[in-house]
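Written out below as structure tokens is the structure these notes cover.
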There are 2 protein chains.
Amino acid sequence: MQMNERSVAPRMGRQPLTTRAALSHAALQLFLERGFEQTTVDDIASAAGIGRRTLFRYFPSKNDLPWGDFEAELARMRAFLAATDATMSVVDALAAAVIEFNRFPPEEVPYHRERMNLLLNVPALVAHSTLRYAEWRRVVSDFAAGRLGVAVDAIEPTVIGWVFLGASLAAYEQWLRTNDSDLIELLESALVLLREGFAPGRSPSVEPGGRT
Amino acid sequence: MQMNERSVAPRMGRQPLTTRAALSHAALQLFLERGFEQTTVDDIASAAGIGRRTLFRYFPSKNDLPWGDFEAELARMRAFLAATDATMSVVDALAAAVIEFNRFPPEEVPYHRERMNLLLNVPALVAHSTLRYAEWRRVVSDFAAGRLGVAVDAIEPTVIGWVFLGASLAAYEQWLRTNDSDLIELLESALVLLREGFAPGRSPSVEPGGRT
DNA sequence: CAGACTAGTGGCACTCAGTGCCGAAAAAGA
DNA sequence: TCTTTTTCGGCACTGAGTGCCACTAGTCTG
């Protein structure tokens, strides 16, 4: 077989000049320096040493650049969910997956933070993010539907998708607002609110006058 | 005082040629006929008999046209919430407000349905909607924070905002998928899932193998 | 090695959304 | 009539995104 020798250039045709990751990184750099709106696609392309036309072959829009390879992240999450114990409750499994999905090596945390700061604050990116979140919700509701034995478009999987997304984003917003908080802890407390906070009489935190 | 005589033209300067409502309606008409992407802003402007430049004074973007006067809707909801009995639980009050917010006179239902069909299916509109939803969530979390006596940016009001939005949109998605369903009923069942479905051991619907 | 084949590149021209500028139009008031 | 106020809309410009197409840099075959 000796494929190793060809691993550098295993296929025909011209080699790509760059990668999605490199472009995403270069773009993020510029967005942080000058701001998202102040950076044109031309700026990014020339910073990365490629043509503007080429950039649009790597990413369908300027808005997609900060997301990098989100599809791969989703695949990771899907795999994690598929591997959970089938006797685990759907909510437990999803809670574990959400935590896992958002765990990053410590050295990447500051980078991730700046990225999420852009995604959750720049209006154009906030808007565009919805499309990515829809794919994320799809992973969640596909899993829920499978485990519950109902159709994906039934109301339970749909609500579950929305509600887990909501809890995750609430935790992210909280994380970005504070300086030294731990994302995982915030996710856990948001998920606790989901599981216990909305049942009447279970938690005083959502009763009038209540406190945490 | 006799302001009545001037009610037709109570202020100085040239009279507006049209209204936000009329433009929103004209645009929606075209979007339904040819599709959102296939309709240019020029098309809408000339259909409404105004200049393109003028249209952008009524609406900040093409994406805003289908929303009409959403700010007024939000004000209605805020007023409803403010008028709720202070002894009512936050979740009860919000559930009632969500139902009220989405009640429409029967003759407007088909129109509302087509409008929501666009908003929830055209990618550009789906993305843009996020910004409107953020304002909606703000109304919810402002109310929750006030009643709970916590800061608006605490985690509980944030999660509550997200989760009620999620439940509402799940109901909408369900409504649009089926032909003869009742939006209010769907909202109610989504809210039931919120309140009872996520507490362990309370509902079999989110346990493995469970059904509805 | 020449030519065929394949895949990535990027220039050019175009469409369309959105904006700044500014003069014209339409109303009210003195 | 002249001034003030407000809306209108043309013009020109920026910037994202797309279709087209020739070019480049590789591999493969004879």
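The chains referred to below are lettered A, B, ... by the order of the sequence lines, with proteins before strands, and numbering in each begins at 1.
- Using the six-membered ring where Trp is involved, A/Tyr111 and A/His25 have ring planes that are parallel, under 30° apart on the 30 and 60° scheme.
- As rounded to whole Å, 14 Å separates atom P of D/dG17 from atom NZ of B/Lys62.
- The cationic group of B/Arg78 does not satisfy the cation-pi geometry with B/Phe143, failing either the under 6.0 Å distance to the six-membered ring centre or the 45° limit from the ring axis.
- Put simply, the side chain of A/Arg53 and the base of D/dG17 share no donor and acceptor less than 3.5 Å apart.
- Spacing between atom CD of A/Gln15 and atom C1' of D/dC23 amounts to 16 Å, rounded to whole angstrom units.
- As judged by a 4.0 angstrom heavy-atom cut-off over every strand, A/Thr39 is placed among residues touching the sugar-phosphate backbone only.
- When each of A/Thr40 and B/Gly51 is assigned the nucleotide of DNA chain D with its nearest heavy atom, B/Gly51 is the one assigned upstream, toward the 5' end.
- The side chain of A/Arg14 approaches C/dA7 more closely than any other nucleotide in the set D/dG17, C/dA7, D/dT7.
- What separates CZ of B/Arg57 from P of C/dG20 is a distance of 11 Å, to the nearest Å.
- Computed from coordinates, the A/His128 NE2 to C/dA17 C1' distance equals 17 Å when rounded to whole Å.
- Judged as a side-chain contact (heavy atoms from CB on, under 4.5 Å), and not counting sequence neighbours, the contacts of A/Glu114 are A/Leu32.
- Put simply, CG on B/Asp43 is 13 Å from C1' on C/dA17, counting in whole angstrom units.
- Remark: B/Tyr58 is in phosphate contact with D/dC8, judged by side-chain N or O atoms under 4.0 Å from OP1 or OP2.
- The distance between atom CG of B/Leu17 and atom C1' of D/dT6, rounded to the nearest whole Å, is 12 Å.
- Using a 4.0 Å heavy-atom criterion, one finds that B/Gly13 contacts the bases of the nucleic acid, with or without backbone contacts as well.
- We find that CG of B/Leu55 is positioned 10 Å from P of D/dG9, with the value rounded to whole Å.
- The base of D/dG15 has none of its N or O atoms less than 3.5 Å from a complementary donor or acceptor on the side chain of A/Arg52.
- Of the candidates A/Arg138, A/Arg137, A/Arg132, A/Glu135 forms a salt bridge (charged side-chain N to carboxylate O under 4.0 Å, His left out) with just one, namely A/Arg132.
- Residue B/Thr54 places at least one side-chain N or O under 4.0 Å from the OP1 or OP2 atom of D/dG9.
- The aromatic ring centroids of B/Tyr172 and B/Trp175 lie less than 6.0 Å from each other.
- Here D/dT6 presents its P atom at 8 Å from CE of B/Met12, a figure rounded to the nearest Å.
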